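Start at 1 and go down the list; that is how both ligands and their atoms are numbered. Note that the structure is a prediction, hence the values are computed from the model and not measured. Residue numbers run from 1 in the order of the sequence given.
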Amino acid sequence: MRQSTLFTKTRKEAPADEVSKNAELLIRAAYIHKEMAGVYSYLTLGMRVLHKIEQIVREEMDVIGGQEILMATLHPSEPWKQTGAWDSVDVLFKIQSRTEKEYALGQSEEEIVTPIAKEYLTSYKDLPKAIYQIGSKYRDELRAKSGVMRGREFRMKDMYSFHATQEDFDTFYAIAKSAYLKIFERAGLTAKATEASGGAFTTKLSYEFMVLTDAGEDDIVYCDSCTHCANVEVSDQKEGETCSRCTKGKLHAAKASEVGNIFDLGQKYTKAFDFTLKTPDGEEFFPIMGCFGIGTTRMVGVVAEALSDNKGLVWPQSIAPYSVHLLALGEDEKVKSEAEAIYAKLTEAGIEVLFDDRAGVMAGEKFADSDLIGIPLRAVVSSRSFEAGGVEIKKRTEEKGSVVSVEEFMKLLATRD
Ligand code: ATP
Ligand code: MG
């Protein structure tokens, strides 16, 4: 992509009412556009990051047998009334049509997925099944001060699983937990799995996947020796105490953001929708359900918070909008044509490159924009880099770059993971 044709531009300032670092950086770098508190549009660069995150999530859900669907987000009120959530879920957006019919905007999809599953899963032999979607959610959140980390409109991967026995659920739950840790790792995040009670859904066990960041809204304690981690809200463990799991490490307190969670829903929804199947012996049972959420737009915000520096965003390679930021500096014709040739080579090799080919933009501004946008590798073509033998490359995470020949540069990109 040529930066000269990109329809967005970086900005010096974020909107005055934006208090979160993630949204401030994402807005200034033109990844997102603020519509109002808690509601953002995703622009060219932001869309590419979101798409990559969601693709990682999709791949890992497919590996564990998830089947992707896309459910409606404009919901009839009836199933919400049937489960009682119409009155009890305070974040539910309710809409009245001009004919005074009532609707809900999807804040989660148990009310839609359970009746769908009931229609198609008609024998115990159809179990287990895991159905997921990646889509928009709407919640009437009171506080929307955390940028894309807490939206009133946001995106989530939500998977729902159906099982004949608790044992079968437990097996799948462990598999899903590993898949979750893999997803966060692939996206460049270190997530800790807390054990917590299932909150509004159930009193059964759930895991929350927490990424340490001062911008997080959760308080956790974690062990410095093993993987133990707990949400302070539900745990009686305190900072400074010895870890109850490994009995060796010490517990530390930290702020964290919940990027995903997995719940045992039990038979709550299958009972509410009278979804029964028969065992081979002809005994009726309500399938056990699991719910597995990941906030994909929250992940964008958490990466922006946790991995940025004072110059701007810093994307991990796996979710970066482009893998190389190629900068052509100066008005020298030789430089321009060499940069064009490199851009053509990269494009031909299938490497995703943002090419800052803007004429009349000073080098300092191009560097500042490049740091703000945060593509993991910068490659500069200038008269100086020519004299030194080729292209000056620098990782976004490093202070100093080095000059390599064009051939070496191409080889390096081909072997980069
Ligand atoms: P929180 O405690 O942060 O409100 P939650 O327990 O309400 O989260 P779930 O309903 O289980 O979250 O949703 C699954 C995932 O969706 C969460 O783990 C989080 O990553 C994401 N999520 C929840 N609410 C929001 C929101 N308002 N904006 C962005 N992402 C969200
Ligand atoms: Mg919530």
request  = Under 4.0 Å, heavy atoms only, figure out whether ligand 1 is touched by the backbone of M156, its side chain, both or neither.
outcome  = side chain

remark   = Note: heavy atom closest to atom 17 (C) of ligand 1, options R152, E153, M299, E258, belongs to E258

query = CD of E185: more than 12 outside heavy atoms within 6.0 angstrom?
reply = no

request  = Any atoms of ligand 1 less than 4.0 Å from a non-hydrogen atom of E141? List them with their elements.
outcome  = 24 (N), 26 (C), 27 (N)

query = Measuring from the heavy atoms of S108, does anything fall under 4.0 Å of ligand 1?
reply = no

query = Can an N or O of G151 be found at a distance shorter than 3.5 Å from an N or O of ligand 1?
reply = yes

query = Is the ring centre of F154 less than 6.0 Å from the ring centre of Y40?
reply = no

task = Decide whether the shortest distance between a heavy atom of Q107 and an atom of ligand 1 is less than 4.0 Å.
result = no

request  = Of the side chain and backbone of K137, name the one, both, or neither that has a heavy atom under 4.0 Å from an atom of ligand 1.
outcome  = neither

request  = Look at atom 21 (C) of ligand 1 and find which of G295, S146, A144 reaches it with the closest heavy atom.
outcome  = G295

ask   = Can you find an N/O atom of F154 closer than 3.5 Å to an N/O atom of ligand 1?
value = no

query = Where's the contact between R139 and ligand 1, heavy-atom distance under 4.0 Å: side chain, backbone, both or neither?
reply = side chain

query = Run the ring-ring contact (aromatic ring centres under 6.0 Å, His included) check on W315 and Y31 step by step: do they pass?
reply = CA-CA 12 Å; W315 298 106; Y31 282 72; 5.3 Å; yes

ask   = For atom 4 (O) of ligand 1, which candidate among R150, K157, E217 holds the nearest heavy atom?
value = R150

key: R396 and its side chain to side chain contact (heavy atoms under 4.5 Å, CB included) partner, picked from I375, L377, D371   = D371

request  = Can you tell me which residue pairs pass the ring pair (Phe, Tyr, Trp, His ring centres under 6.0 Å) test with a partner in residues 228-257, sequence neighbours excluded?
outcome  = Y222-H252

key: Sole candidate of V49, V300, L45 that passes side chain to side chain contact (heavy atoms under 4.5 Å, CB included) when paired with L26   = V300

remark   = Applied to residues 42-95, the ring pair (Phe, Tyr, Trp, His ring centres under 6.0 Å) test, sequence neighbours excluded, yields H75-W80

key: Atom pair OG1 (T270) and NE2 (H163), whose distance is rounded to the nearest 0.5 Å   = 11.0 Å

query = Do any nitrogen or oxygen atoms of N261 lie less than 3.5 angstrom from nitrogen or oxygen atoms of ligand 1?
reply = yes

